[in-house]
Amino acid sequence: MSAGTTKLNVTVTDVVAVNELVKRFHFERTDGEDLPTFSGGAHVVVEMRDADKTRLNPYSLMSSPLNTRDYTISVRRDDSGRGGSLFMHNRVKRGMEMVISYPVNLFSLDLRAKKHLMIAGGIGITPFLAQTAQLASASGNFELHYTCRTAALGSYTDVLRERYGNRVHLYYDDRNERIPLERLLATQPLGTHIYVCGPAGMINWVRETAAQHGWPEGTVHYEHFAAPQPGKPFDVTLAVSKKEIRVGEQQSLLEALEAAGIDPPYLCRGGVCGQCETNVVSYDGTFKHNDHWLSEEEHCSGKKIMPCVSRFEGKSLVLER
């Protein structure tokens with residue numbers, strides 16, 4: 001992990017199959033002390049040591065922020081992914097010792113809001129479990145709309161309905177049920193904030209629809225950690241450290257920098273936090289921007305790249321590292 005990222009040594013105290021695609025993992029500190037406090041929407045980066053390879057993936061904390069003895073995350077298995085979810089599903093067992101980062105919150109509740117309108121898709125439900133627990137403990141005003149493929153793949157639907165009753169609204173793709181977004185946006189009281197987490201397409205739909213209906217940008221909050229995409233290998237020259245590195249087909253630029261002894265800062269590794277933003281000195285080729293941090297103007301400028309999730313294709317790339 002980055003030198004600026006504080007680590008926690010934890011022990012896996014339970015692994016629970018939620019449905020055929022999702023498992024829940026419980027962590028406690030190995031030294032028996034309390035875990036750091038956090039707020040709803042926070043995530044941790046989990047270190048997965050797999051032989052000579054170490055994967056670092058961010059996962060939202062879904063446990064109640066009132067509980068400092070136990071952290072819980074849920075991981076959806078992705079059979080065609082880069083291997084992190086398969087490691088968690090196939091290798092992580094009760095009693096195993098692991099390393100995670102301190103919690104970081106890039107998706108926090110705005111407690112000035114009069115109401116919190118939450119929209120979740122698939123495994124994007126996890127941060128809302130912590131956020132609803134936080135709000136419920138303070139008598140906060142919220143409603144949750146959760147869409148998933150089928151009832152069998154709806155994670156924690158029974159728990160949410162039992163806890164919050166008619167404040168939870170469920171929609172299933174196989175029943176052709178859809179979130180009535182335009183009606184929801186048109187009927188919210190003044191002072192409402194929107195929170196959305198799920199697939200990128202859903203997040204874009206909510207953000208674009210809210211903008212079309214005149215919602216201020218500062219009232220729409222979202223979280224989507226982009227996974228590094230595979231691509232053609234490419235070479236990078238580092239202007240400051242004078243190093244030449246090769247980024248492999250299944251390797252992110254950030255991972256290649258770390259393997260070369262460079263330690264860029266990060267908080268998320270998913271194109272959201274902006275910490276690993278890197279200046280481009282020169283290039284001859286095309287960038288493959290996959291982040292949610294840089295503006296479209298910055299993407300087009302050729303002056304910056306987010307090494308955690310973005311790639312490059314071309315003859316030469318020189319970075320200020």
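We use all heavy atoms of the structure for the numbers below, so side chains are in, but hydrogens, waters and symmetry mates are not.
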Salt bridge (Lys or Arg N to Asp or Glu O under 4.0 Å) between R149 and D173: does it pass, once the steps are laid out?
CA-CA 5 Å; R149 285 162 49 189; D173 293 346; over 6 Å; no

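- Judged purely by atom type and a 3.5 angstrom limit, S108 has no side-chain atom pairing as donor or acceptor with the backbone of N105.
- Remark: R311 fails to qualify as a cation-pi partner of F287 under the 6.0 Å distance and 45° angle criteria applied to the six-membered ring.
- Using a 30° and 60° split on the angle between ring planes, F107 and Y195 fall in the perpendicular class, above 60°.
- For the atom pair CD of E47 and NZ of K7, the computed distance is 5.0 Å after rounding to the nearest 0.5 Å.
- With hydrogens and angles disregarded, no donor-acceptor distance shorter than 3.5 Å links the side chain of H289 to the backbone of E298.
- By the criterion of side-chain heavy atoms lying less than 4.5 angstrom apart, applied directly or through intervening Ile, Leu, Val, Met, Phe, Trp or Tyr residues, V309 is not grouped with L56; the two fall into different hydrophobic clusters.
- By the 30° and 60° cut-offs, the orientation of the rings of F312 relative to Y283 is perpendicular.
- Taking the six-membered ring for Trp and the full ring otherwise, the centers of F142 and Y164 sit less than 6.0 Å from each other.
- Between the side chains of S80 and D78, a donor-acceptor pair is found at a separation under 3.5 Å.
- No side-chain N or O of E28 forms a donor-acceptor pair with one of T11 less than 3.5 Å apart.
- Taking the six-membered ring for Trp, H116 and H193 have ring centres at least 6.0 Å apart.
- Side-chain heavy atoms closer than 4.5 Å link hydrophobic residues (I, L, V, M, F, W, Y) into clusters, and following such links, even through other members, never connects I125 to I203.
- Legend: salt bridge (Lys or Arg N to Asp or Glu O under 4.0 Å) pairs involving residues 125-144, not counting sequence neighbours, sorted by first then second residue: K115-E143.
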